[in-house]
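For reference, the structure is listed below as structure tokens.
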Amino acid sequence: MVGKLIVFEGVEGCGKTSQMQLCGQWLESLGISVIATREPGGTELGLHLRRLLLEKTDNQPIAEVTELLLYAADRSQHIEQELKPNLAAGKYILCDRYTDSTIAYQGYGRGLDINLINQLNFIATGGLASDLTIWLDVDVEVGLARKRGSKTGLDRIEQETIAFHQRVQQGYAKLAASYPSRIVRVDGNLNQETVQKVIQEILRVHL
């Protein structure tokens, strides 16, 4: 039996982490073995990379290409250590962010070359794509307001300008239009229970 890779994507504060947790509980209630993970930070090495990527450093900012390469390194380790073995074991993997995040954030947000990002993603993943990507689509300002209300400090990415986050959102919209069979848009502005019901129906249809 081969497992499934289900990815949750979206701008900051879209609700993907909460929805992923609820989805995992629902799948387990159906007797499906589930692994929950994230990028960056899905491995021990990834936790160190996550800290480097998300902690705010005013005196020594991370160069944009360096940031891209760190995400690729995290992904490569994650694939080999977590994703491949668990997929081979027939498990359903719920992943908080994957390759589309890099395209949206580093490509559209930072303005780095999309072809370069695609090449790095392929090197890191060996061509492993998600079976399904749930894109939780919310207004950027709404999402950031949620983030500000949920914790005391914003991380390095969350502190970027509104214009940056709007470009990221545009990136997700373009990706969803380009890969309609893989990426499914869900209105993240709905209440949590409704969003979860929509996601469950999508999973029933697609998987």
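We use all heavy atoms of the structure for the numbers below, so side chains are in, but hydrogens, waters and symmetry mates are not. As the structure is a computational prediction, the values presented were derived from the model and not from experiment.
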Task: Test side chain to side chain contact (heavy atoms under 4.5 Å, CB included) applied to Cys23 and Phe8, step by step - done: CA-CA 10 Å; Cys23 187; Phe8 289 74; 4.0 Å; yes
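- Under the 4.5 Å side-chain heavy-atom criterion for Ile, Leu, Val, Met, Phe, Trp and Tyr, Tyr71 and Ile79 are members of distinct hydrophobic clusters.
- At a threshold of 4.5 Å between side-chain heavy atoms, the hydrophobic network of Ile, Leu, Val, Met, Phe, Trp and Tyr places Leu94 and Val184 in one connected group.
- A side chain to side chain donor-acceptor pair (under 3.5 Å) check over residues 33-43, counting only residues at least two apart or in different chains, returns the pairs Thr37-His78, Glu39-Arg75, Glu39-His78.
- Closest heavy-atom contact between Leu136 and Gly15: CD1-C, 3.8 Å.
- Applying the side-chain contact (heavy atoms from CB on, under 4.5 Å) criterion to Gln192, with sequence neighbours excluded, gives Ser18, Gln19, Leu22.
- When all heavy atoms of Leu87 and Leu5 are compared, the closest pair comes out as CD2-N, 3.9 Å.
- Using cut-offs of 30° and 60° on the angle between ring planes, the pair Trp135 and Tyr172 is parallel.
- A donor-acceptor pair is defined here as one N or O able to donate and one able to accept, closer than 3.5 Å; no such pair exists between the side chain of Ser101 and the backbone of Arg97.
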When the side chains of residues 200-207 are checked against the rest of the protein, which donor-acceptor pairs come out under 3.5 Å, sequence neighbours left out?
residue: Gln200; atom: NE2; partner: Gln196; partner atom: OE1; Å: 3.2
residue: His206; atom: ND1; partner: Ile202; partner atom: O; Å: 3.2

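- Both Leu54 and Leu69 belong to a common hydrophobic cluster when Ile, Leu, Val, Met, Phe, Trp and Tyr are linked at side-chain heavy-atom distances under 4.5 angstrom.
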Open item on the list: Could you walk me through whether Glu64 and Gln106 satisfy the side chain to side chain contact (heavy atoms under 4.5 Å, CB included) test, starting with their C-alpha distance in whole Å, then the side-chain angles of each, then the deciding distance to 0.1 Å, before giving a yes or no?
Closed with: CA-CA 8 Å; Glu64 292 177 350; Gln106 280 66 54; over 6 Å; no
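- Between the CZ atom in Arg185 and the CD1 atom in Ile134 there is a gap of 12.0 Å [rounded to 0.5 Å].
- Figure legend: Arg167 and Phe164 shown without cation-pi pairing, the cationic atom not lying both under 6.0 angstrom from the six-membered ring centre and within 45 degrees of its axis.
- Proximity of a side-chain donor or acceptor of Asp137 to a complementary backbone N or O of Val186 within less than 3.5 Å is not detected.
- With values rounded to the nearest 0.5 angstrom, Lys147 atom NZ is found 4.5 Å from Glu158 atom CD.
- Using a 4.0 Å cut-off between charged side-chain N and carboxylate O, Glu141 and Arg148 make no salt bridge.
- Residues Tyr98 and Leu47 fall into different hydrophobic clusters, defined by Ile, Leu, Val, Met, Phe, Trp and Tyr side chains chained together at heavy-atom separations under 4.5 Å.
- Proximity of Leu144 to Ile162: side-chain heavy atoms (C-beta onward) are separated by under 4.5 Å at one or more points.
- Under a 4.0 Å N-O distance rule, the pair Glu44/Arg50 does not qualify as a salt bridge.
- A distance of 15.0 Å separates CG in Leu112 from OH in Tyr105, rounded to the nearest 0.5 Å.
- Between the side chains of Thr133 and Ser130, at least one donor N or O lies within less than 3.5 Å of an accepting N or O.
- By the criterion of side-chain heavy atoms lying less than 4.5 angstrom apart, applied directly or through intervening Ile, Leu, Val, Met, Phe, Trp or Tyr residues, Ile6 is not grouped with Leu175; the two fall into different hydrophobic clusters.
- Residue Leu83 comes nearest to Ile93 through the heavy atom pair O-CD1, 3.5 Å, listed as atom of the first residue, atom of the second, then distance.
- Looking at His165, its side chain does come within 3.5 Å of a backbone N or O of Ile157 through a donor-acceptor pair.
- Atoms OG and CG, on Ser76 and Asn121 in that order, are 11.5 Å from each other to the nearest 0.5 Å.
- Checked by atom type and distance alone, the side chain of Gln159 pairs as donor or acceptor with a backbone atom of Leu154 at under 3.5 Å.
- Of the charged side-chain nitrogens involved, at least one lies within less than 4.0 Å of a carboxylate oxygen, so that Arg182 and Asp100 count as a salt-bridged pair.
- For Thr66 (side chain) and Ile62 (main-chain N/O), no donor-acceptor pair under 3.5 Å exists by modelled atom type.
- Taking CG of Asp74 as the start and NE2 of His48 as the end, the distance is 12.0 Å to the nearest 0.5 Å.
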TODO: Determine, stepwise, if the pair Glu160 / Val168 fulfils side chain to side chain contact (heavy atoms under 4.5 Å, CB included).
DONE: CA-CA 11 Å; Glu160 286 288 348; Val168 171; over 6 Å; no
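- Residue Pro180 comes nearest to Ala177 through the heavy atom pair CD-O, 3.6 Å, listed as atom of the first residue, atom of the second, then distance.
- For the residue pair Ala124 and Ala72, the shortest heavy atom distance occurs at CB-O, 3.7 Å.
- Rounded to the nearest 0.5 angstrom, Tyr92 OH and Leu27 CG are separated by 7.5 Å.
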Task: Test log, rule side chain to side chain contact (heavy atoms under 4.5 Å, CB included), inputs Val65 and Leu116 - done: CA-CA 10 Å; Val65 174; Leu116 171 63; 5.5 Å; no
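- Residues Glu55 and Arg156 are not paired through a salt bridge, judged by the lack of any N-O separation under 4.0 Å between the basic side chain and the carboxylate.
- Between Glu9 and Lys16 there is no salt bridge, since none of the side-chain N atoms of the basic residue sits less than 4.0 Å from a carboxylate O of the acidic one.
- Between Glu82 and Lys91, none of the side-chain N atoms (NZ, or NE/NH1/NH2) sits under 4.0 Å from a carboxylate O, so this pair counts as no salt bridge.
- Inspection of the Thr17 and Asp96 side chains reveals an N or O donor paired with an N or O acceptor under 3.5 Å.
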